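Below you'll find the structure, written out as structure tokens, and then a few comments.
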Amino acid sequence: LRLTAGRRQEAHAWVEKALRLWQPGSPWTLEIREPMRSDEQNAAMWGLLAQITKQRPAHNGRAMTSDLWKSVFMDALGHEVDYVGSLDGTRIFPLGHRSSHLTKAQMSDLLELMLAWAAEQGLEIQHFGAANDDQQEAA
């Protein structure tokens, strides 16, 4: 992010507004961070995951869901993903893989990895922003 004079003035205005509205004990938080992933990126990810799951319903002998595939790709990018066994001990499932916590740049990296892997695997990927609505899952 390039800090231009206009952005610096805008940030200063937000700080001034927060200071005017702040009172001791009030629950205000001022956070300066990279923008989080967009709704469009999220829709693209789930559309792409639905296509991958349809074409590769199993991975290393394990039945896969879109959510499990998401964890596999996030792990490949180095995001912390923990797995825990089910209560009956017959399967594992992922914990701590919230794509809603990714920045726009991290989400772009995730989508690029997924597309590169799909191409290497010879998968046919169509426009994935709205693909297979019945298989899309909420983030």
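Because the structure is predicted, anything quoted here is derived from the model rather than measured. Residue numbers run from 1 in the order of the sequence given. Hydrogens, waters and symmetry mates play no part in the numbers below; they use all other heavy atoms, side chains included.
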Does the pair D67 and T65 meet the rule for a side chain to side chain donor-acceptor pair (under 3.5 Å), with working shown? CA-CA 5 Å; D67 202 46; T65 64; 5.5 Å; no

Once you round to the nearest 0.5 Å, how far does CD1 of I52 lie from CZ of F73? 4.0 Å

Do K70 and M45 touch side chain to side chain, with heavy atoms closer than 4.5 Å? yes

Interatomic spacing from CG in L110 to OG1 in T103 - rounded to 0.5 Å: 11.0 Å

Atom CE of M114 and atom CE of M74: how far apart are they, to the nearest 0.5 Å? 10.5 Å

In the structure I gave you, are the side-chain heavy atoms of L123 and R56 within less than 4.5 Å of one another anywhere? yes

Does R37 reach the side chain of Q106, with side-chain heavy atoms less than 4.5 Å apart? no

Could you tell me which non-hydrogen atom of L77 sits nearest to which non-hydrogen atom of L113, and how far apart they are? CG-CD2, 3.7 Å

Tell me if the centroids of the rings in W46 and W69 come within less than 6.0 Å of each other. no

Test log, rule side-chain contact (heavy atoms from CB on, under 4.5 Å), inputs I125 and L115: CA-CA 8 Å; I125 301 299; L115 288 169; 4.2 Å; yes

Side chains of R20 and E16 in contact at under 4.5 Å (non-hydrogen atoms): yes

If only atom types and distance count, is the side chain of S86 paired as donor or acceptor with the main-chain N or O of T90 below 3.5 Å? yes

Indicate yes or no: at least one non-hydrogen side-chain atom of M36 is less than 4.5 angstrom from one of L102. no

Mind checking whether V15 and L19 have side chains closer than 4.5 Å, heavy atoms only? yes

Residue pair H79 / H101, side-chain heavy-atom distance below 4.5 Å: no

Any sub-3.5 Å donor-acceptor pair from E34's side-chain atoms to A105's backbone N or O? no

Can L21 and K17 be said to form a side-chain contact (heavy atoms from CB on, under 4.5 Å), step by step? CA-CA 6 Å; L21 297 173; K17 180 178 181 179; 3.9 Å; yes

To the nearest 0.5 Å, tell me how far R62 CZ sits from R91 CZ. 8.0 Å

Are the side chain of Q41 and the backbone of S38 linked by a donor-acceptor contact shorter than 3.5 Å? yes

Just checking E124: does its CD atom have more than 12 heavy atoms from other residues, nucleotides or ligands closer to it than 6.0 angstrom? no

Distance (rounded to the nearest 0.5 Å) between S66 OG and Q51 CD: 10.0 Å

Heavy-atom side-chain proximity of N42 to S99 below 4.5 angstrom: yes

